[in-house]
There are 2 protein chains.
Amino acid sequence: MTLQPFNIGGLSRQTGVNIETIRYYEKIGLLPPPARSQGGFRQYEDHHLQRLRFIRRGRDLGFSIDSIRALLTLAERPDSPCEGADQMVLLHLDEVERKIADLTLLRDELRKMKNCCGQVVAQCQIIGSLTAPGSAQQDAI
Amino acid sequence: MTLQPFNIGGLSRQTGVNIETIRYYEKIGLLPPPARSQGGFRQYEDHHLQRLRFIRRGRDLGFSIDSIRALLTLAERPDSPCEGADQMVLLHLDEVERKIADLTLLRDELRKMKNCCGQVVAQCQIIGSLTAPGSAQQDAI
DNA sequence: CATGGACCCTGGAGCCACTACAGAGTCAAC
DNA sequence: GTTGACTCTGTAGTGGCTCCAGGGTCCATG
Ligand SMILES: [Zn+2]
Ligand SMILES: [Zn+2]
Ligand SMILES: [Zn+2]
Ligand SMILES: [Zn+2]
């Protein structure tokens with residue numbers, strides 16, 4: 001079942017990927033260049049749609065372009081072992097967990113800072129804690 | 001007590017800010033240009049150190065350069081009210097909390113994906129869930 | 001006074017993953 | 001044939017740095 005080819009706008013609508021981004025993916029070799037109409041319009045087919053959905057989902061999961069490239073290469077060889085993919089997920093999960101931990105510390109610091117209701121800058125806890133780090137609870141500078 | 005001026009390397013060591021970054025901050029007008037030695041070396045003084053520490057702390061808390069610029073402007077007017085600073089902390093806290101929530105969803109998805117022990121790509125859950133989104137638990141494509 | 005080595009200078013390019021144009025051309029419906 | 005939505009290319013910009021080449025400076029030794 002070979003469907004009608006569609007323009008870049010159609011591909012964009014079906015994937016939620018920005019047109020400019022689609023062209024960018026082609027430029028960096030992530031999406032193969034499609035056939036062109038007589039006037040030069042890109043004409044995509046179903047396999048482009050599949051591939052772009054894969055890419056989109058990978059990006060949504062926070063994988064880098066390079067990781068997605070590797071995952072796509074893997075996906076093209078159905079008989080090869082998938083340890084590589086496992087590794088990449090684990091690595092990325094670590095990364096995400098570290099980021100959450102960092103942001104949680106940040107959040108706690110910001111929460112400590114936020115109770116400074118309508119003073120003047122000279123007595124402001126926020127400005128104070130930026131000026132003299134270590135304690136967000138301290139008095140003014 | 002006016003201490004001896006120090007070079008960019010000294011400022012870098014005392015703040016933990018990269019030399020290139022210090023020059024960058026000067027270029028974008030975040031750190032005022034210091035005096036120069038006869039040979040053209042930058043000669044920093046105590047107030048540069050204070051200001052750069054403020055910047056560094058702001059960056060560590062995840063504030064954007066523009067926010068830090070605004071906070072610095074505020075800090076220079078000790079008699080003005082500090083509502084602006086309060087606002088910025090609250091906004092940024094929101095941002096951080098949203099980021100944590102997003103990453104937590106991501107983390108959960110990645111955790112669901114990660115149990116694919118040594119199969120072949122054609123049966124791989126990871127590749128599968130990237131190919132056909134919606135369920136990371138599903139069988140192979 | 002000369003030399004060595006640590007330090008510093010400028011200007012520009014590169015990073016990531018897009019996004020935003022400008023100025024032109026194409027396609028299909030009416 | 002005209003409209004108007006769509007698409008094309010190429011370039012530049014975003015944030016916040018980071019790195020480099022190809023030089024110049026500073027000061028403690030010999
Ligand atoms: Zn990752
Ligand atoms: Zn305040
Ligand atoms: Zn913020
Ligand atoms: Zn697998």
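All chains are named by letter (A, B, ...) in the order of the sequence lines, taking the proteins before the strands, and each is independently numbered beginning at 1. Everything numeric here is computed off the predicted structure, so don't read it as measured data.
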How many whole angstroms separate atom CD1 of Ile28(A) from atom C1' of dC18(C)?
9 Å

In whole angstrom, give the distance that lies between atom CG of Leu61(A) and atom P of dA17(C).
14 Å

Phe6(A) has an atom CZ; how far is it from atom P of dC27(C), in whole Å?
18 Å

How large an angle, rounded to 10°, do the end axes of the helix from dC1(C)-dG30(D) to dC30(C)-dG1(D) enclose when each is built from five base pairs?
20°

Output yes when Asp108(A) and Lys112(A) qualify as a salt bridge under the 4.0 Å nitrogen-oxygen rule, no when they do not.
no

Report each atom pair, protein N/O against N/O of nucleotides 28-30 of chain C, whose distance is under 3.5 angstrom.
none

Would you mind checking if Arg23(B) and Glu26(B) are paired as a salt bridge, meaning a charged N to carboxylate O distance below 4.0 Å?
no

For nucleotides 8-16 of chain C, just jot down a letter per nucleotide in 5' to 3' order: B, S or -, based on protein non-hydrogen atoms under 4.0 Å.
SSB------

Rounded to whole Å, CG of Leu52(A) lies from P of dC18(C) at a distance of 11 Å

Answer yes or no: is there a donor N or O on one side and an acceptor on the other, between the side chain of His92(B) and the main chain of Val89(B), under 3.5 Å?
no

Atom CD of Glu26(A) to atom C1' of dT7(D): distance rounded to whole Å?
13 Å

Gln43(B) CD to dT25(D) C1', straight-line distance once rounded to whole Å
12 Å

Treating Arg57(A) as the side-chain partner and Ser129(B) as the backbone partner, does any N or O pair qualify as donor plus acceptor under 3.5 Å?
yes

Test side-chain contact (heavy atoms from CB on, under 4.5 Å) applied to Ser12(B) and Leu52(B), Ile22(B), Val17(B), the passing residue:
Ile22(B)

Within a strict 4.5 Å, meaning less than it, do heavy atoms of the Ile65(A) and Arg59(A) side chains meet?
yes

If the threshold is 4.0 Å, N to carboxylate O, is there a salt bridge linking Arg98(A) and Asp102(A)?
no

If we ignore hydrogens and angles and just use 3.5 Å, is the side chain of Arg51(B) paired with the main-chain N or O of Leu30(B) as donor and acceptor?
yes

Salt-bridge present (Arg69(B), Asp66(B); N to O < 4.0 Å):
yes

Heavy atoms only: give me the nearest Val120(B)-Pro78(A) pair and the separation to one decimal.
CG1-O, 2.9 Å

Using a cut-off of less than 4.0 Å, is there contact between a side-chain N or O of Asn18(A) and OP1 or OP2 of dT19(C)?
yes

Measure the distance from CZ on Phe63(B) to P on dG15(D) and round it to the nearest whole Å.
18 Å

Under 4.0 Å from OP1 or OP2 of dA17(C): is there any side-chain N or O of Thr21(A) that close?
no

Could you check whether atom CD of Gln14(A) has more than 12 heavy atoms from other residues, nucleotides or ligands sitting under 6.0 Å from it?
yes

Would you say Ser37(A) reaches dT26(C)'s phosphate, i.e. side-chain N/O to OP1/OP2 under 4.0 Å?
no

Check whether any side-chain N or O of Tyr25(A) sits under 4.0 Å from OP1 or OP2 of dA17(C), and answer yes or no.
no

